[in-house]
Each structure stands twice: as structure tokens, then as C-alpha cells.
Amino acid sequence: FFGMVFSGLLSLCTGPSWRTLPLHRCVLIAAFALSAQVLNWSGNMYAGSAIFAIVYSSVSVWSALLSRILLQRILTVRQWCSLLTVVAGVAIAGRGSRSEGPRALLGACMVCVGTGLLATNHVLSEFLAVRGTRIPPHINCCIQGFTSFMAAGMWQ
């Protein structure tokens, strides 16, 4: 997280005044990322790395769906076919993991929610860059990194 902070510090001398930007939005979006990380790490511990990798690979599907809903992004037929291929791959690979027990199911659910939150973080970050009062990506990255760094520091 600490490295993300430096991306925005470079623009302190030049660029838009940070005081005019709604930076609280970046902090709120960082909360999605932090929640996603906690759920993904915890889910990995319950489900195991194989199930984690299978479920986590659905982040591109979540991102595409949220991009379509929130940003009205139009995907090409080729892109939708690629996403369907990912879904099919996740479904096929996940078939053998059903008999892993209740902890694995809990972990898979945690990773699924965490993956959805991570995709939400990605799409909302893009939203800040292209809609309304635009926040430059490097400043958004800096604020999210600082927020995450401070939250992780307090937790440690």
C-alpha cells in the first residue's frame, strides 16, 4: 500500500489543487478494497489455495458486469465470449471442490464476496476518473494507498 502513496505525491507541486477534489470518495472506495482483502485472505485460509484460485479468477466477470451496469460500458461479442469461457472454466474446475466440507464452502463464499468487492473497487475507481468531478487516477491511487496503509498500520 505504501508504494501507492507516492504516485499522487508527485503531483503536489503541479496539477489540480487537491482541496477542490472530493477525496472522501477515494477513501470510501478504499474501504471496498480493504474489505475485499480481508475476505479474500480469510477465505483462502478456509477454502485452500485451489478453491481460492478458482473463485478469485471470476474477478474479470464481476468487473465486466459492474462496468456494464455502473459505467454503461459496451463489451464486444468477443469480450462476452471470453467472459463466458472464464465462467465455464470456473464451473468445470469447481466441480471437484464441492465435497471439501463446510469450511471450504464458507471460504469459497468469502472469496466470492471479496472478489465482488474488489471488482467494485476497480469499477468505482474508473468511475471517479471519467464521471462527475474527475479525480486523476494517480491522486485516487495515492489516497486509496494512504487509507489502506493507515488502516493496515492501525491493525498491526
Side-chain angles (χ1 to χ4, degrees), residues 1-9 23-131 135-156:
F1 299 121
F2 191 61
M4 293 171 61
V5 174
F6 290 102
S7 65
L9 294 180
L23 298 179
H24 64 282
R25 294 177 183 171
C26 303
V27 173
L28 292 173
I29 293 173
F32 282 99
L34 285 168
S35 301
Q37 290 290 27
V38 168
L39 287 168
N40 286 331
W41 289 335
S42 302
N44 184 25
M45 298 309 291
Y46 283 126
S49 59
I51 294 173
F52 170 81
I54 292 166
V55 177
Y56 190 77
S57 66
S58 68
V59 72
S60 59
V61 176
W62 287 108
S63 293
L65 292 173
L66 289 170
S67 256
R68 179 68 183 122
I69 293 167
L70 298 175
L71 298 172
Q72 287 81 44
R73 294 272 188 229
I74 306 292
L75 286 106
T76 65
V77 172
R78 186 174 183 180
Q79 289 170 320
W80 281 114
C81 288
S82 298
L83 287 173
L84 291 175
T85 302
V86 170
V87 170
V90 168
I92 291 169
R95 282 184 54 200
S97 63
R98 289 187 184 152
S99 61
E100 299 291 332
R103 286 180 58 116
L105 179 60
L106 172 64
C109 290
M110 291 171 77
V111 173
C112 188
V113 172
T115 302
L117 288 173
L118 186 60
T120 302
N121 172 270
H122 295 162
V123 173
L124 290 178
S125 290
E126 182 181 356
F127 186 88
L128 290 182
V130 299
R131 299 273 201 282
I135 299 174
H138 59 285
I139 294 175
N140 181 24
C141 182
C142 175
I143 298 300
Q144 285 193 42
F146 183 74
T147 302
S148 299
F149 178 75
M150 294 303 291
M154 289 189 301
W155 175 70
Q156 294 293 330

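No hydrogens, no waters, no symmetry mates; every other heavy atom, side chains included, goes into these values.
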Open item on the list: Donor-acceptor check, side chain of Ser58 to backbone of Val61, threshold 3.5 angstrom: yes or no?
Closed with: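 Side chain of Ser58 to backbone of Val61, a donor-acceptor pair under 3.5 Å: no, none is there.
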TODO: Return yes if some donor-acceptor pair links the side-chain N/O of Arg68 with the main-chain N/O of Leu75 below 3.5 Å, else return no.
DONE: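 No, because the side chain of Arg68 does not come within donor-acceptor range (under 3.5 Å) of the backbone of Leu75.
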Closest contact, heavy atoms only, [X] versus [Y]:
{"X": "Ala30", "Y": "Ser148", "result": "CB-OG, 4.2 Å"}
{"X": "Ala129", "Y": "Pro137", "result": "CB-CG, 4.2 Å"}
{"X": "Ala64", "Y": "Leu83", "result": "CB-CD1, 3.1 Å"}
{"X": "Ile54", "Y": "Ser57", "result": "O-OG, 2.6 Å"}

How far does [atom1] of [X] sit from [atom2] of [Y], to the nearest 0.5 angstrom?
{"X": "Leu124", "Y": "Leu70", "atom1": "CG", "atom2": "CG", "answer": "6.0 Å"}
{"X": "Ser60", "Y": "Gln79", "atom1": "OG", "atom2": "CD", "answer": "11.0 Å"}
{"X": "Leu23", "Y": "Leu128", "atom1": "CG", "atom2": "CG", "answer": "10.0 Å"}

Could you tell me which residues satisfy side chain to side chain contact (heavy atoms under 4.5 Å, CB included) with [X], sequence neighbours excluded, listed by chain and number?
{"X": "Ser49", "result": "Asn44"}
{"X": "Leu39", "result": "Met110, Val113, Leu117"}
{"X": "Ser125", "result": "Ile29, Asn121, Asn140, Gln144"}

Task: Qualifying residues under side chain to side chain donor-acceptor pair (under 3.5 Å), relative to Thr85, sequence neighbours excluded - done: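 Scan of Thr85 (side chain to side chain donor-acceptor pair (under 3.5 Å), adjacent residues dropped) gives none.
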Open item on the list: Arg73: which residues meet the side chain to side chain donor-acceptor pair (under 3.5 Å) condition with it, sequence neighbours left out?
Closed with: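 In terms of side chain to side chain donor-acceptor pair (under 3.5 Å), with neighbours along the sequence ignored, Arg73 is linked to Glu126.
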- [ ] Could you please spell out the steps behind the side chain to side chain contact (heavy atoms under 4.5 Å, CB included) verdict for Asn40 and Thr115?
- [x] CA-CA 7 Å; Asn40 286 331; Thr115 302; 3.8 Å; yes
Task: Phe146 side chain near Met150 side chain, heavy-atom distance below 4.5 Å - done: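 Touching, per the 4.5 Å side-chain cut-off.
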Open item on the list: Can you tell me which residue among Ile139, Thr147, Ile135 is in a side chain to side chain contact (heavy atoms under 4.5 Å, CB included) with Cys26?
Closed with: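 By the side chain to side chain contact (heavy atoms under 4.5 Å, CB included) criterion, Cys26 pairs with just one of Ile139, Thr147, Ile135: Ile135.
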Open item on the list: Strictly by ring pair (Phe, Tyr, Trp, His ring centres under 6.0 Å), give each pair with a member in residues 55-89 just once, sequence neighbours left out.
Closed with: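 Of all non-adjacent pairs touching residues 55-89, those that pass ring pair (Phe, Tyr, Trp, His ring centres under 6.0 Å) are Phe52-Tyr56.
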